[in-house]
Amino acid sequence: MNDTRCPDCAVTMEETKLRSQDGFSLTIDTGKRSGLLGKLGVGSTTGVDAVCCPECGLVRLYADLE
């Protein structure tokens with residue numbers, strides 16, 4: 001993750017891991033899929049990167065689109 005700054009505190013946010021209560025990594029539905037499955041309308045999911053401000057506790061989530 002790039003050098004993400006907190007919009008409230010202007011300090012560098014730190015990478016953090018988010019998990020569901022069951023211990024699974026969080027994912028989001030992108031609604032996109034290439035190839036035959038995409039043509040059939042089947043969606044896809046991608047991981048989520050999270051950063052947290054060490055000063056105020058703000059958490060930001062970014063879809064891992066690459």
Side-chain angles (χ1 to χ4, degrees):
M1 183 125 274
N2 293 343
D3 184 33
T4 305
R5 296 257 205 227
C6 177
D8 297 331
C9 304
V11 299
T12 301
M13 298 178 81
E14 300 172 353
E15 288 186 44
T16 188
K17 297 281 185 199
L18 287 180
R19 304 242 181 249
S20 70
Q21 250 184 329
D22 299 328
F24 296 105
S25 296
L26 297 181
T27 60
I28 61 167
D29 184 1
T30 62
K32 301 178 193 174
R33 191 163 194 152
S34 60
L36 178 61
L37 292 176
K39 291 177 183 173
L40 295 174
V42 177
S44 181
T45 60
T46 189
V48 175
D49 295 325
V51 290
C52 180
C53 175
E55 296 292 320
C56 71
L58 175 72
V59 175
R60 285 197 149 185
L61 305 176
Y62 294 92
D64 186 14
L65 298 177
E66 295 177 7

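- Scanning for side chain to side chain contact (heavy atoms under 4.5 Å, CB included) contacts around E14 gives P54, with sequence neighbours left out.
- Counting heavy atoms from C-beta outward, M13 and C52 have side chains that stay 4.5 Å or more apart.
- Closest heavy-atom contact between T12 and R5: OG1-NH1, 2.6 Å.
- Qualifying side chain to side chain contact (heavy atoms under 4.5 Å, CB included) partners for L61, counting only residues two or more places apart in sequence or in other chains: L18, V48, A50, V59.
- When all heavy atoms are compared, the tightest approach of E55 to V11 is CG-CG2, 3.7 Å.
- Summarising the geometry, atom SG belonging to C6 is positioned 7.5 Å from atom CZ belonging to R60; distances are rounded to the nearest 0.5 Å.
- Residues meeting the side-chain hydrogen bond (donor to acceptor under 3.5 Å, both in side chains) test with T16, sequence neighbours left out: none.
- Here CG of L26 is found 11.0 Å from CG of D49. Values are rounded to the nearest 0.5 Å.
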